[in-house]
J.: 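I'd like to ask you about the structure that follows.
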Amino acid sequence: MDYAFKQIEKKWQDKWYSEETFKTKDDKTLPKFYALVEFPYPSAHGLHVGHPRSYTALDILARKRRLEGYNVLYPIGWDAFGLPTENFAIKNKIHPRIVTADNVANFKRQLQSIGFSFDWSREINTTDENYYKWTQWIFLQLFKKGLAYKQEMPINWCTSCKVGLANEEVVNGVCERCGSEVVQRNKSQWMLRITEYAQRLIDDLDDLDYIEKVKIQQKNWIGRSEGAEVDFKIAGTDDAITVYTTRPDTLFGATYMVLSPEHPFVEKYKDKIKNYDEAAEYRAQAARKSEFERTEMAKDKTGVMLDGLCAVNPVNGKEIPVWISDYVLMSYGTGAIMAVPAHDDRDWEFAKKFNMPIIEVVAGGENVQEAAFTDTATGKMVNSGFLDGLEVKEAISAMIEYLEKNKIGTKKVNYKLRDWVFSRQRYWGEPIPLVWCDHCGWVPVDESELPLTLPETDNFEPGENGESPLAKMTDWVNTTCPKCGAAAKRETDTMPQWAGSSWYYLRYIDPNNSDAIASEENINYWMPVDWYNGGMEHTTLHLLYSRFWHKVLYDIGVVNTPEPYARRTSHGMILGENNEKMSKSRGNVVNPDDMVETFGADTFRTYEMFIGAFDQSTPWSINGVRGCYRFIERVWNMQEMLTDEEGYSKDFESLMHKTIKKVTEDIERMKFNTAIAALMALTNDFYKKGSITRGELRTFLILLNPTAPHMTEEMWERAGFGGCLNETEWPKYDEAKTIDDEVEIVVQINGKVKDRITIAASLSKDEMEKAVIENDKIKALIDGKAVVKVICVPGKLVNIVVK
RNA sequence: GUCGCUGUGGUGGAACUGGCAGACACAACAGACUUAAAAUCUGUCGGAUGAAUAAUCCGUACCGGUUCGAUUCCGGUCAGCGGCACCA
């Protein structure tokens, strides 16, 4: 009997969507479960097979938790502002709103064809006015709290197109569209002060149930370090170059200084610097490189010594030369470093190349350069005046004390984390609701005026001189100051795509509220998100940004929890059959539509979960899909083996309880592949037995239902178990029935397996040892040897150590 | 370069907290059914020696360490993947 998945899957999907089967309940007395997946960016390519990996996983958890009596919120929406849609719109002369609507319709059809149990009544879209009204509102709160400010920041500038480019549009240093040179050019941009929250973003990780690698990655990204800021006087001036160092103990080993080529002193001391032209030329060269290229270790060190500028080492009064080099960035620390070539790899390379003196200050043996800067550095100080003989750790404290006493430096905590560049010179984003008034400065649009809607236009091309396309729309730009009424101009930059995705989990809990982000009542009930699954690639940007916004909302009393997500897990990437990333150019893209069409949604879902370890990346295999299809058909055909017996047959009782336990626990641990393997093994056992009782089938169908919901509902109905499967209860297991009376244990001699014996599971260690020693085979093997030790692990093994 | 992760049969993977390496699949091969093929069902399936479903040895990227015992813990090396702040 063939399984007619097309008709059956359609039948149940029609029922679910028309009856809103999975709509979240209003009942706030029930225990809640808020499951969240990263909402997709609706691209023109349609759904990728990677999306359903995350969505199926949490769909399984959501469906299981519903059967366990939870009130489940499992929502979905569209993260729809962004660059690809805008570029598509420009290229094809279609308004991005229309492009977005088309893509959303396609994504929605695709997601619904897979049978996810999303609550579609809560669908949100970041480009809806009623959504971005609140994105703008949150921005205004940030602005009012002093967390938004303007600063000159470099943008990628295409010298031919005369537009600003996203990093992704710069390929090998040239413009992706025209191939012309791209340079860094400064532009005044809106910034968000995420660094003010750096310490809390680290500290609060401790109480969260995030997978460890996410915590580590976030901590390293924020990059807290302790050290000192030290002032090096510029000889013959009142100015000092301030550097940040984590190793103030090595100050006596500083033999030169390096400024970032953009450091303001280069301009300020233009007249003093004899080779200024050379320096300016070097700076222009550096502007052509990305930060990534500049800091790459593999490349050859370059730099220019500023002739005429000298710094004074504050601890020994020695004059040392000042260089500029592109490996020093303005964006970290103070934009200047003291170079201690004996104890830093990059400084050492630089010093070798330019013949700068190298002074060893920590006794480190022959390979001085190997004694790199680390937190765990140890050793005795040498060539270091009053520090000589001290251990590194003592020397650090002693030096900080000295610096502070003599007012030449201070202890300082530094973070690698940088403030968030929040401006985009683009059309398809939320307008920033601020007005520039010559009298009042930056004035927020009145909150009652929100949303500040994106003005209509047919021309989304970037503006002149790197301005946003909105700058061309003077009717919209020219306005009056909300404060004093004078003529004023609107901000024309828009927000980055990250804005809408930084708070979307809050909108799902009350998506139509017109008075607030969400009602207090709903926030109190639903927050925090219980389980958030998403890709590792979002760990340091999206996940950190949304934690930051949530904390700001917490500080102003909008939300009730200091963190948005109680738990964070991550899925691995699905690669093409050839083990490479799926991409059109590689021709290895798998279309979910084809899979659903050929094999059905249940097979597709099962394969997505069976493909491999959930948190690891793994290649697609069409043969693997066929294997899952075979499994689905074998399950379907079990109907022919169905008996009239109600409970479990005697031989299967223990196995049924073990399988319930295994599947229940594996789903919670996201071990979906082994949960399915257990159900496959059970299916094989039913085939061997040649029959299945009604009780066995009933339990089996519930266990498989979260993974293959359509077929299991149909089989439930045909078996006449009553009602719908999705309204029944998750089966319970009896722990006692999962434990065997007898176990096979391994007998090892000196760690090598020699025999297997079956003994009662209840035996104590002594009894086990006795049973093994008295075994004839073992007796023969240890005959004539001295037994040194016997290790007994109940239920597992006995290891006899002999000499 | 840097931060993080990963490395197990022909392939995807399993092995819970250090205790039988290879569950469950895929592929391959063989058998049953069939006029035949497909589908389905059943069986074999890490390597070496071996007639063997006997026995022994080797085997979880590589080198070393800890341990009665290491795929698992520690140190080092190599390779691959993800992030690197304006793709999402």
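Quick note: numbers below take in every heavy atom, side chains included, and nothing from hydrogens, waters or symmetry partners.
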J.: Is it true that A:Asn684 and A:Arg634 share a donor-acceptor pair across their side chains at a distance under 3.5 Å?
T.: yes
J.: Check for a donor-acceptor pair, side chain of A:Glu86 on one end and backbone N or O of A:Tyr427 on the other, with a separation under 3.5 Å.
T.: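 Side chain of A:Glu86 to backbone of A:Tyr427, a donor-acceptor pair under 3.5 Å: yes, one is there.
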J.: Counting the atoms with a prime plus P, OP1 and OP2 as sugar-phosphate, which does A:Leu575 contact under 4.0 Å by heavy atoms, base, sugar-phosphate, or nothing?
T.: nothing
J.: Side-chain donor-acceptor pair under 3.5 Å between A:Tyr41 and A:Thr85, yes or no?
T.: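 Yes, A:Thr85 and A:Tyr41 have a side-chain donor paired with an acceptor closer than 3.5 Å.
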J.: Consider the side chain of A:Glu537, meaning its heavy atoms from C-beta on, and name the nucleotide among B:U42, B:G19, B:A88 that approaches it most closely.
T.: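 Side chain of A:Glu537 sits closest to B:A88.
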J.: Checking contacts here: which listed nucleotide (B:G82, B:C26, B:C24) is nearest the side-chain heavy atoms of A:Met573?
T.: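 Within the option list, the nearest is B:G82.
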J.: A:Asn750 CG to B:G69 C1': how many Å, rounded?
T.: 10 Å
J.: Just checking, any donor-acceptor pair under 3.5 angstrom between side chains of A:Ser225 and A:Asn414?
T.: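 Their side chains do not contain a donor-acceptor pair, so the 3.5 Å distance test is not met.
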J.: Under a cut-off of 3.5 Å for both distances of each Watson-Crick or G-U pair, what dot-bracket string does RNA chain B give, using [ ] for crossing pairs and | for inter-strand pairs?
T.: (((((((..(((......[....))).(((((.......))))).((((.....))))..(((((..]....))))))))))))....
J.: Side chain of A:Val793: nearest nucleotide among B:C86, B:G19, B:C41?
T.: B:G19
J.: Can you tell me which nucleotide in B:C87, B:G19, B:C24 comes closest to the side chain of A:Ala677?
T.: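 Closest nucleotide among those given: B:C24.
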J.: Rounded to whole Å, please give me the gap between CG in A:Leu655 and C1' in B:A23.
T.: 14 Å
J.: When you measure from the centre of the six-membered ring of A:Tyr210, is the NZ or CZ of A:Arg568 under 6.0 Å away and within 45° of the axis?
T.: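 Not flagged: A:Arg568 not positioned over aromatic ring of A:Tyr210.
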J.: Could a donor-acceptor pair under 3.5 angstrom be found where the side chain of A:Gln189 meets the base of B:C86?
T.: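 Per atom types, the contact qualifies.
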J.: Any carboxylate oxygen within less than 4.0 angstrom of a Lys/Arg side-chain nitrogen, looking at A:Glu169 and A:Arg426?
T.: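 Yes.
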J.: With the criterion being N/O to N/O and under 3.5 Å, what pairs connect the protein with nucleotides 10-14 of chain B, and how long is each?
T.:
residue : atom : partner  : partner atom : Å
B:G12   : O3'  : A:Thr618 : OG1          : 3.0
B:G12   : O2'  : A:Ile611 : O            : 2.5
B:G12   : O2'  : A:Thr618 : OG1          : 3.4
B:G13   : OP1  : A:Thr618 : OG1          : 3.2
B:G13   : O3'  : A:Asn673 : ND2          : 3.4
B:A14   : OP1  : A:Asn673 : ND2          : 3.0

J.: Need one value for A:Leu83: base, sugar-phosphate or nothing, where a base atom within 4.0 Å counts as base even if backbone is also close, heavy atoms only.
T.: sugar-phosphate
J.: Taking 4.0 angstrom as the limit, do A:Glu491 and A:Lys150 come out as a salt bridge?
T.: yes
J.: Between B:C87, B:G4, B:C86, which nucleotide has the shortest distance from any of its atoms to the side chain of A:Lys213?
T.: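 Of the options given, the side chain of A:Lys213 lies nearest B:G4.
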J.: Give me the distance, rounded to whole Å, that separates B:A51 from B:U42 when you measure between the C1' atoms they each carry.
T.: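 Taking atom C1' in both B:A51 and B:U42, they lie 25 Å apart.
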J.: In terms of side-chain heavy atoms of A:Arg418, which of B:A25, B:G43, B:A85 is nearest?
T.: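 Closest nucleotide to the A:Arg418 side chain: B:A85.
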J.: Looking at A:Asn220, does any N or O in its side chain come under 4.0 Å of the phosphate oxygens OP1/OP2 on B:G4?
T.: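 It does, given that an N or O in the side chain of A:Asn220 lies less than 4.0 Å from OP1 or OP2 of B:G4.
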J.: For A:Trp636 together with A:Tyr3, are the ring centres under 6.0 Å from each other?
T.: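 Centroid distance A:Tyr3-A:Trp636: below 6.0 Å, so yes.
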J.: What's the closest nucleotide to the side chain of A:Asn167 if the choices are B:A88, B:C87, B:C24?
T.: B:C87
J.: Rounded to the nearest Å, what distance is computed from the CE atom of residue A:Met191 to the C1' atom of nucleotide B:A85?
T.: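 It works out to 10 Å between those atoms.
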J.: Could you check whether the side chain of A:Asn799 and the base of B:C68 have a donor-acceptor pair of N or O atoms closer than 3.5 Å, going by distance alone?
T.: yes
J.: For the P atoms, the ones on B:A70 and on B:C20, what distance do you get once it is rounded to whole angstrom?
T.: 11 Å
J.: Considering just the side-chain nitrogens and oxygens of A:Arg634, establish if one lies under 4.0 Å of OP1 or OP2 belonging to B:C41.
T.: yes
J.: Using a heavy-atom cut-off of under 4.0 Å over every strand shown, decide if A:Ser501 touches base, sugar-phosphate, or nothing.
T.: nothing
J.: With rounding to the closest Å, how many angstrom separate the P atoms on B:U72 and B:A21?
T.: 14 Å
J.: Before accepting this row, confirm whether a basic side-chain N of the pair A:Asp740/A:Lys658 lies closer than 4.0 Å to the acidic partner's carboxylate O.
T.: yes
J.: Between A:Arg586 and A:Glu580, does any NZ, NE, NH1 or NH2 come within less than 4.0 Å of an OD or OE carboxylate oxygen?
T.: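 Salt bridge between A:Glu580 and A:Arg586, a charged N being under 4.0 Å from a carboxylate O: yes.
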J.: Under 4.0 Å, heavy atoms only, any strand: does A:Pro84 hit a base, just the sugar-phosphate, or nothing?
T.: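 Sugar-phosphate contact only.
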J.: A:Glu349 CD to B:G1 P: how many Å, rounded?
T.: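 Interatomic distance, CD of A:Glu349 to P of B:G1: 11 Å.
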J.: Between A:Pro40 and A:Val746, which is nearer to the 5' end of RNA chain B once each is assigned its nearest nucleotide?
T.: A:Val746
J.: Taking the P atom in each of B:G43 and B:C24, what is the distance between them to the nearest angstrom?
T.: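 Rounded to whole Å, the distance is 11 Å.
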J.: Compute whether any side-chain donor of one residue and acceptor of the other, for A:Asp419 and A:Tyr149, lie under 3.5 angstrom apart.
T.: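 Yes, A:Tyr149 and A:Asp419 have a side-chain donor paired with an acceptor closer than 3.5 Å.
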J.: Determine whether the aromatic ring centres of A:Phe139 and A:Phe422 lie less than 6.0 Å apart.
T.: yes
J.: Can you check the A:Lys581 NZ to B:G82 C1' distance for me, whole Å?
T.: 8 Å
J.: Can you check the distance between B:U17 and B:A52, where both ends of the measurement are the P atom (answer in whole Å)?
T.: 40 Å
J.: Please give, in whole Å, the distance from B:G18 P to A:Gln748 CD?
T.: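 Computing the A:Gln748:CD to B:G18:P distance gives 17 Å.
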J.: Say you pick atom C1' in B:G9 and the same atom in B:C5; how far apart are they, in whole Å?
T.: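 B:G9 and B:C5 have their C1' atoms separated by 24 Å.
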J.: Side chain of A:Val753: nearest nucleotide among B:A25, B:C86, B:C20?
T.: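 Among the listed nucleotides, the one closest to the side chain of A:Val753 is B:C20.
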J.: Would you indicate, yes or no, if B:A38 has its OP1 or OP2 atom less than 4.0 angstrom from a side-chain nitrogen or oxygen of A:Arg630?
T.: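 No, outside the criterion.
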J.: If only atom types and distance count, is the side chain of A:Asn673 paired as donor or acceptor with the main-chain N or O of A:Phe610 below 3.5 Å?
T.: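 No, the answer is negative, given that no donor and acceptor are paired below the 3.5 Å cut-off.
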J.: Please tell me if A:Arg756 has a side-chain N or O lying less than 4.0 Å from either OP1 or OP2 of B:C20.
T.: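 It does not, given that no N or O in the side chain of A:Arg756 lies less than 4.0 Å from OP1 or OP2 of B:C20.
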J.: I need the minimum non-hydrogen distance between A:Val421 and A:Arg424, along with the two atoms involved.
T.: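 Heavy-atom minimum between the residues: O-NH1, 3.1 Å.
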J.: Determine the interatomic distance between P on B:A14 and the same-named atom on B:A28; round to the nearest Å.
T.: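 Approximately 23 Å lies between the P atom of B:A14 and that of B:A28.
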J.: Rounded to whole angstroms, how far apart are CD1 on A:Ile749 and P on B:G69?
T.: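 Result: 15 Å.
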J.: Report the distance from atom CD1 of A:Ile757 to atom P of B:C20, rounded to the nearest whole Å.
T.: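 After rounding, the gap between these two atoms is 16 Å.
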J.: Taking the six-membered ring for Trp, are A:Trp420 and A:Tyr545 closer than 6.0 Å centroid to centroid?
T.: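 That pair passes the under 6.0 Å test.
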J.: Check whether any side-chain N or O of A:Lys789 sits under 4.0 Å from OP1 or OP2 of B:C68, and answer yes or no.
T.: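 For B:C68, OP1/OP2 do have a side-chain N/O of A:Lys789 under 4.0 Å.
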J.: Of all the nucleotides listed (B:A21, B:C5, B:A85), which has the minimum atom distance to the side chain of A:Leu417?
T.: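 The nucleotide sitting nearest to the side chain is B:A85.
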J.: Do side-chain atoms of A:Ser502 reach the backbone of A:Trp549 as a donor and acceptor pair under 3.5 angstrom?
T.: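 A pair under 3.5 Å: no.
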J.: Where the side chain of A:Ala166 is concerned, which of B:A85, B:A88, B:C86 is the nearest nucleotide?
T.: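 My answer, after comparing the listed nucleotides, is B:C86.
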J.: Using nucleotides 52-58 of chain B, report all nitrogen or oxygen pairs with the protein that are shorter than 3.5 Å.
T.:
residue : atom : partner  : partner atom : Å
B:C58   : OP2  : A:Lys752 : NZ           : 3.2

J.: Rounding to the closest angstrom, what is the interatomic distance between B:G18 and B:C57 at atom C1'?
T.: 24 Å
J.: B:G9: syn or anti, with syn meaning chi within 90° of zero?
T.: syn
